[in-house]
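Read the numbers this way: they start at 1 and go in the same order the structure lists the ligands and their atoms. FYI, side chains are in, hydrogens and waters are out, and symmetry mates aren't considered; it's all heavy atoms of this structure.
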Amino acid sequence: MSSTLENLNWRYATKRYDATRKLPKETLDLLMEAMRLAPSSFGFQPYKFIHVTNPAIREQLKAVAWNQAQFTDASDLFVLCTIKKMDDAYVNRFAEETIKAQGTTAEAFEPYRQMLLGSIHSRSDEEQEHWNACQTYIALGIALATAAEHRIDATPMEGFDKDKFDEILGLTPLGLHARVSLALGYRSPEDKAQKYPKVRLSKEELFIER
Ligand SMILES: Cc1cc2nc3c(=O)[nH]c(=O)nc-3n(C[C@H](O)[C@H](O)[C@H](O)COP(=O)(O)O)c2cc1C
């Protein structure tokens, strides 16, 4: 088996963490960098990642997340949030950054900027929020795969009250909405879930040839 598949079989959605073990800073930095490098449609990155380091806030989040212990016991907790609405200013800033990074000119970039504006205008607010959320999950997937590669335990979590998370984390005034959480750390040897066999569709059922 390739090491990629070994790592993906090794990982599981960790239920119980060893609360005494902390990720080294370099490991945390690596995981955050992997999330930063995630691809997104047009490269818009319509999200923010809240690294929740305050233990009291983590307790508050757990209370509105079915008391899932990962919210307090994992070494690190991120709440991945979607930008609710990208407006013209957002696109213009993105255009400026791209022009700077890629050494092109505003003039040469203009038709593309118009296309980007057209793309965001063509979506209703609801459609855009959904589209932005889809991008957020790509970063989640990259983080999960990177964590597995480095044998760091992780849990993706949607089992929480998103509106309450918005309130606790003060997200609404920032134009953000909590979408999915990510716990990172080290599994407890007592976590029974690490022994559960994987439940997945067979290759034949999952893939369709045309
Ligand atoms: C978007 C998403 C949300 C999830 N929410 C939770 C959650 O709130 N709590 C939890 O313990 N596991 C959660 N899971 C973990 C899944 O239940 C788990 O990934 C799935 O059952 C497959 O098992 P495995 O990841 O251990 O291989 C979530 C997974 C994803 C991808």
Does the protein place a non-hydrogen atom closer than 4.0 angstrom to [atom]?
atom                    : value
atom 17 (O) of ligand 1 : no
atom 21 (O) of ligand 1 : no
atom 3 (C) of ligand 1  : yes

Quick check: [X] and ligand 1, any N/O pair under 3.5 Å apart?
X    : result
T155 : no
K198 : yes
P156 : yes
R11  : yes
T14  : no

With respect to atom 24 (P) of ligand 1, which of P197, S181, G159, A13 exhibits the smallest heavy-atom separation? A13
If hydrogens are left out, which of R179, K15, Q68, E158 has an atom nearest to atom 5 (N) of ligand 1, that is, the closest non-hydrogen atom? E158
State, without any angle test, whether [X] and [Y] hold a side-chain donor-acceptor pair at a distance under 3.5 Å.
X    : Y    : result
Q128 : N132 : yes
N7   : H150 : no
Y12  : D191 : yes

Presence of salt bridge, [Y] and [X], under 4.0 angstrom:
X    : Y    : result
E110 : R113 : yes
K100 : E96  : no
R179 : E129 : yes

Can K162 be said to sit on top of F160's aromatic six-ring, NZ or CZ under 6.0 Å from centre and within 45° of the ring axis? yes
Honestly, is R58 close enough over F71, meaning NZ or CZ under 6.0 Å from the six-membered ring centre and within 45° of the axis? no
As an exercise, identify every atom of ligand 1 less than 4.0 angstrom from a heavy atom of Y12. 26 (O)
Run the numbers for me: atoms of ligand 1, each under 4.0 Å from some heavy atom of Q70, listed by number. 11 (O)
Between R200 and ligand 1, find which residue part has any heavy-atom pair under 4.0 Å and reply side chain, backbone, both or neither. side chain
Is it the case that atom CD in E33 sees more than 12 heavy atoms from other parts of the structure closer than 6.0 Å? yes
